[in-house]
Colleague: 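If you scroll down you'll find the structure; I have some questions about it.
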There are 2 protein chains.
Amino acid sequence: MLEKSHKHVTCENCLSRENSLFGSFCGEKVDNLDSQKSCSYFKKNQPLFIEGSSPRGVYCINDGKVKIFARGEEGKEQIIHLAAAGEVVGFRAMFSGEPYKVSATTLEESNICFIGKSDFLNLVDSNATLRNGIMKELSKELADRATFITNMAQKSVRERLAFSLVMLQDIYKEEMINLSREDMANFVGTATETLIRLLKDFKEEKFIATHARRVEILDREGLLRVAGN
Amino acid sequence: MLEKSHKHVTCENCLSRENSLFGSFCGEKVDNLDSQKSCSYFKKNQPLFIEGSSPRGVYCINDGKVKIFARGEEGKEQIIHLAAAGEVVGFRAMFSGEPYKVSATTLEESNICFIGKSDFLNLVDSNATLRNGIMKELSKELADRATFITNMAQKSVRERLAFSLVMLQDIYKEEMINLSREDMANFVGTATETLIRLLKDFKEEKFIATHARRVEILDREGLLRVAGN
DNA sequence: TTAAAAAAATGACATTGATCATGTGATTAC
DNA sequence: GTAATCACATGATCAATGTCATTTTTTTAA
């Protein structure tokens with residue numbers, strides 16, 4: 001596995017920056033950003049921030065994956081969003097002026113840069129392109145969540161799992177999906193046992209294959225058909 | 001019932017404006033806003049915009065209520081948000097640059113003002129307070145939807161209905177809740193029959209009373225207890 | 001390498017809540 | 001005023017899915 005802990009990252013040659021909120025930055029803006037950020041290595045299952053605490057800044061994922069989740073009453077996690085390289089997480093609560101309503105934890109070892117609250121807010125104030133990018137991002141995510149809610153309310157677990165697997169493939173790209181069954185269940189919104197049973201069904205129906213915990217998508221179209229999308 | 005069709009509304013003395021996104025406006029800004037808006041009367045169940053169409057501007061509710069909903073596969077509505085006087089609806093899609101992913105329809109007769117896309121975007125560009133208000137609003141709503149998703153995934157219909165009734169009371173204030181059983185079911189995310197049965201249970205347990213279709217909350221605390229919040 | 005712990009998998013069972021059928025009451029249109 | 005339509009309500013049924021118990025496999029740590 002990639003040894004992420006020794007990577008040295010500058011914003012200038014950060015590949016993840018290209019598609020990120022900071023993708024429009026160039027020249028001295030990049031240098032400026034680089035001087036404001038601090039970069040650190042996160043182990044698997046290490047929290048970036050937790051529900052109830054106050055935001056201190058934003059996290060820009062250079063490499064790795066992060067789950068954003070809320071906790072229901074009995075403490076059960078509901079994963080709201082999975083963030084991959086290039087995504088900036090944690091800025092929503094900074095605008096709302098309230099403590100975090102969700103938590104963020106790494107799903108694998110990750111390199112993640114941090115930008116302090118005031119630096120970030122100054123950037124937003126002084127850069128219209130960044131600002132528009134953020135408004136666009138917030139709006140898109142709002143639309144995504146409307147779909148999420150509708151799926152949750154109207155689709156069966158089987159349909160939601162099929163859809164989730166396709167989404168997961170988009171996040172994991174060429175890699176195989178590598179999530180614990182519990183996390184997967186918390187993403188789909190079901191019990192772990194139910195999730196495992198349905199994965200088995202999908203395996204028998206040749207939609208997927210499993211290699212230990214890793215899941216390989218064999219028939220994306222088929223899954224989309226099951227999902228009814 | 002109030003005869004809303006003949007109201008004449010100016011932004012200056014619009015009570016709903018106070019708590020709205022435009023609450024910070026004063027002096028010529030208000031006059032300016034007033035000259036840009038057009039105000040119209042909407043009948044009950046009249047659409048403001050529908051899923052798939054492109055945003056032409058934003059709608060500011062002076063009086064009345066609006067449901068924001070998505071449609072699932074078989075066309076079943078899922079109500080994502082209920083908007084009351086003072087709320088501005090329809091601006092999210094304007095920032096995302098995509099067609100509406102949701103629809104908006106009045107729930108009762110309403111007075112609603114319209115501000116065209118370019119006028120609104122100019123306002124946003126030139127007014128930092130408005131902009132911050134919008135970012136705050138978007139972020140808060142994002143957090144609300146995380147809770148919504150978690151409730152959907154982890155709570156029983158009974159718990160969700162209890163919680164929904166409390167939310168509805170906050171929207172209807174001193175008035176009684178006046179929603180069709182179908183709309184209520186589409187808000188809670190259940191079948192109409194199930195909703196009706198549970199309302200009956202709550203009636204027997206003295207949490208609510210019904211007057212024809214109207215629902216009166218008798219025991220808000222009790223409902224919150226049932227909801228587990 | 002092996003023991004211990006954690007995660008995954010399977011089975012049995014109970015329960016929720018959706019669906020379909022039907023009836024009753026309220027509102028609308030002519 | 002009456003028919004027709006729509007919303008509300010209730011009953012019966014059953015599949016989907018959650019829960020609890022147990023076993024097997026995988027991972028971790030000594």
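Model, not experiment: these values are computed from the prediction. We name chains A, B, ... by the order of the sequence lines, and we start the count at 1 in each one.
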Colleague: What protein N or O atoms touch nucleotides 12-14 of chain D N or O atoms at under 3.5 angstrom, if any, and at what distances?
Modeller:
none

Colleague: Using OP1 and OP2 only, check whether a side-chain N or O of Lys200(B) sits under 4.0 Å from dA9(D).
Modeller: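 Answer no for this pair, as no side-chain N or O of Lys200(B) is under 4.0 Å from OP1 or OP2.
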Colleague: Listed by chain and number, what are the salt bridge (Lys or Arg N to Asp or Glu O under 4.0 Å) partners of Arg92(A), not counting sequence neighbours?
Modeller: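 With sequence neighbours excluded, Arg92(A) shows a salt bridge (Lys or Arg N to Asp or Glu O under 4.0 Å) to Glu141(A), given in chain and number order.
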Colleague: Ignoring hydrogens and angles, answer whether the base of dC20(D) and the side-chain atoms of Glu193(A) contain a donor-acceptor pair closer than 3.5 Å.
Modeller: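 Yes.
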Colleague: For Lys203(A) and for Leu195(B), find the nucleotide of DNA chain C with the closest heavy atom, then tell me which residue's nucleotide is more 5'.
Modeller: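 Result: Lys203(A).
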Colleague: In whole angstrom, what separates Asp183(B)'s CG from dC6(D)'s P?
Modeller: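 Those two atoms, CG and P, are 16 Å apart.
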Colleague: Write down the protein N/O and nucleotide N/O pairs, taken from nucleotides 22-29 of chain D, whose separation is under 3.5 Å; answer none if there are no such pairs.
Modeller:
none

Colleague: 5' to 3' on DNA chain C, which nucleotides open and close the contacts with chain B (atom under 4.0 Å from a heavy atom)?
Modeller: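 It runs dG17(C) to dC20(C).
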Colleague: May I ask you to evaluate whether Thr190(A) reaches the phosphate of dG18(D), defined as a side-chain N or O under 4.0 Å from OP1 or OP2?
Modeller: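 Yes, within the criterion.
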Colleague: Take atom CG of Leu199(B) and atom C1' of dT10(D), then tell me their distance rounded to the nearest Å.
Modeller: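 In whole Å, dT10(D) C1' lies 14 Å from Leu199(B) CG.
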Colleague: Could you check which residues of residues 151-168 of chain B get a heavy atom under 4.0 Å from DNA chain C? Sort them by number, please.
Modeller: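 Contacting residues: Ser156(B), Val157(B).
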Colleague: Asn186(A) pairs by side chain to side chain donor-acceptor pair (under 3.5 Å) with which of Gln78(A), Arg181(A), Lys76(A)?
Modeller: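 Running side chain to side chain donor-acceptor pair (under 3.5 Å) over Gln78(A), Arg181(A), Lys76(A) with Asn186(A) returns exactly one hit, Lys76(A).
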Colleague: Could you tell me whether Lys65(B) and Glu175(B) make a salt bridge, using a distance below 4.0 angstrom between a side-chain N and a carboxylate O?
Modeller: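 So Lys65(B) pairs with Glu175(B) through a salt bridge.
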Colleague: Can you tell me if Thr147(B) and Asp144(B) form a side-chain donor-acceptor pair at under 3.5 Å?
Modeller: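 Absent: no donor and acceptor within the cut-off.
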Colleague: Over its full length, what angle do the end axes of the helix from dT1(C)-dA30(D) to dC30(C)-dG1(D) make, each axis taken from five pairs and the result rounded to 10 degrees?
Modeller: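 If I round to tens, the end axes sit 50° apart.
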